[in-house]
Amino acid sequence: MLNFENDYNNGVHPNILENLIKTNDIQSLTYGFDKWSESAKLKIKQICNKEDLDIFFLCGGTQTNATVIDGILQSYEGVIACEDGHINVHEAGAIEAFGHKVITLPSRNGKMNIDDLKNYVQVFENDESKDHVAQPGMVYLTFPTEFGTIYSKKEIEEIYSTCKQYNLPLFIDGARLGYGLMSDECDFDLTWLCRNCDCFYIGGTKIGALCGEAVVFTHNNAPKKFFSIIKRHGALMAKSRLIGIQFDTLFTDNLYFKISKHAIIMAHQLKEILIQAGFSFYIQSPTNQQFIIIPKKKIKELKQKIIFTHWIPYDRNSFVCRFVTSWATRQNEIDELRKILLS
């Protein structure tokens, strides 16, 4: 059975597994103070070409989003996000569980539009009854978006400029950050991103790691007592070496970017096969997630040989379905898919 369901259905990159085994008998400090975590932080600072970074390692994506957002916001504040942003649709109300409203704006090709953001904050600021509603306290973006699209340098600059104008920290969810940065359409790198937001995270779970994400506050601007906030959210690893070793490995010899690029190369081949098979695309994605429209009858047939995701209904007779490549996608899997769809 071929599996193109998501990008975290494999275990861990062999280099990471090897280093976990090699270091297994070495005792270490805990809670983020182990030598591998310190080494990984140094390497991230070097690749970002920036020293004033506060870096923390958390155990998973949902925990990271909930912890960062709760750490930044006051109790009466909410977070502005696209209506199909990950925190609004795929995190089981985790943000709301800590008392913060997700304030949604329309989604345009999966992205937040600068005019929608400006209109919202301007209307809010001029609302005589604004003290009676959830106060906007930050802006949240996903990069890449839930539909595999990416923001341009210009789009992020415009959003960040508006955020600074209204004193709204900008947080970028980078669960698939590597796949976005390595896309052919991306016009910036990690160094640039680090200077154009207040916080982002480097996804590990979906890009080669067994688990874990690296949160980066970009101006030594981590919330006060953020270590304790992480622990309160159940996102702090006592055996922090587990994540530290993984990120230390991922940021050795550009491994993180190499395996991200591999997923994009595999996605190009996947997309070409889907085109040749005659499928229509719901949206044009330049990253590792591809969304196509499949009739219900065809879905039943394909499910006998391929695992993929029913994303959203398209019409009465069809679904938008997602096919995903990853750092671990093999050429023989792409070749087998070609045989199934084109034979």
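Computed from a predicted structure; not experimentally measured. Heads up: numbering here begins at 1 and tracks the sequence. Keep in mind that the numbers below use all heavy atoms, side chains included, and drop hydrogens, waters and symmetry copies.
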Verify the ring-centre separation between Phe247 and Tyr256: is it less than 6.0 angstrom? no
Under 3.5 Å side-chain donor-acceptor pair for [X] and [Y]:
X	Y	answer
Asn332	Glu336	no
Asp54	Asn220	yes
His86	Glu146	yes
Ser152	Asp187	no
Asp7	Asn288	yes
Ser37	Asp34	yes
Thr252	Lys43	yes
Thr191	Asn49	no

Would the number of heavy atoms belonging to other residues, nucleotides or ligands and lying under 6.0 Å from [atom1] of [X] be above 12?
X	atom1	result
Lys239	NZ	no
Lys231	NZ	no
Lys303	NZ	yes
Asp315	CG	yes

Indicate if Leu53 and Ile47 have the same hydrophobic cluster label, given that clusters are the connected sets of ILVMFWY residues with side-chain heavy-atom separations under 4.5 angstrom. yes
Per side-chain contact (heavy atoms from CB on, under 4.5 Å), Val68 is matched among Phe56, Phe226, Phe200 by Phe226
Is [X] salt-bridged to [Y], going by a charged N under 4.0 Å from an acidic O?
X	Y	answer
Asp116	Lys118	no
Asp115	Arg108	no
Lys22	Glu18	yes
Lys101	Glu96	no

Going by the angle between their ring planes, with limits at 30° and 60°, are [X] and [Y] parallel, tilted or perpendicular?
X	Y	result
Phe147	Phe291	tilted
Tyr31	Phe227	perpendicular
Phe308	Phe323	parallel

Give the C-alpha distance, both sets of side-chain angles, the deciding distance and a yes or no for side chain to side chain contact (heavy atoms under 4.5 Å, CB included) between Glu38 and Leu42. CA-CA 6 Å; Glu38 293 298 331; Leu42 178 60; over 6 Å; no
What's the verdict on salt bridge (charged side-chain N to carboxylate O under 4.0 Å, His left out) for Lys154 and Glu158, showing C-alpha distance, side-chain angles and the deciding distance? CA-CA 6 Å; Lys154 181 177 182 291; Glu158 290 176 339; 2.7 Å; yes
Could you check whether any side-chain heavy atom of Ile294 comes within less than 4.5 Å of a side-chain heavy atom of Phe319, counting everything from C-beta outward? no
For residues 154-189, which residue pairs pass the ring-ring contact (aromatic ring centres under 6.0 Å, His included) check, not counting sequence neighbours? Tyr140-Phe171, Phe143-Phe188, Phe188-Trp192
Keeping the roles fixed (side chain from Glu333, backbone from Arg330), state whether a donor-acceptor pair exists under 3.5 Å. yes
Between Gln289 (side chain only) and Arg322 (backbone N and O only), is there a donor and an acceptor less than 3.5 Å apart? no
For the pair Leu337 and Phe4, evaluate side chain to side chain contact (heavy atoms under 4.5 Å, CB included) and give the outcome as yes or no after the intermediate values. CA-CA 10 Å; Leu337 180 68; Phe4 290 94; 4.1 Å; yes
Sequence neighbours left out, what passes salt bridge (Lys or Arg N to Asp or Glu O under 4.0 Å) with Lys298? Give chain and number order. Glu301
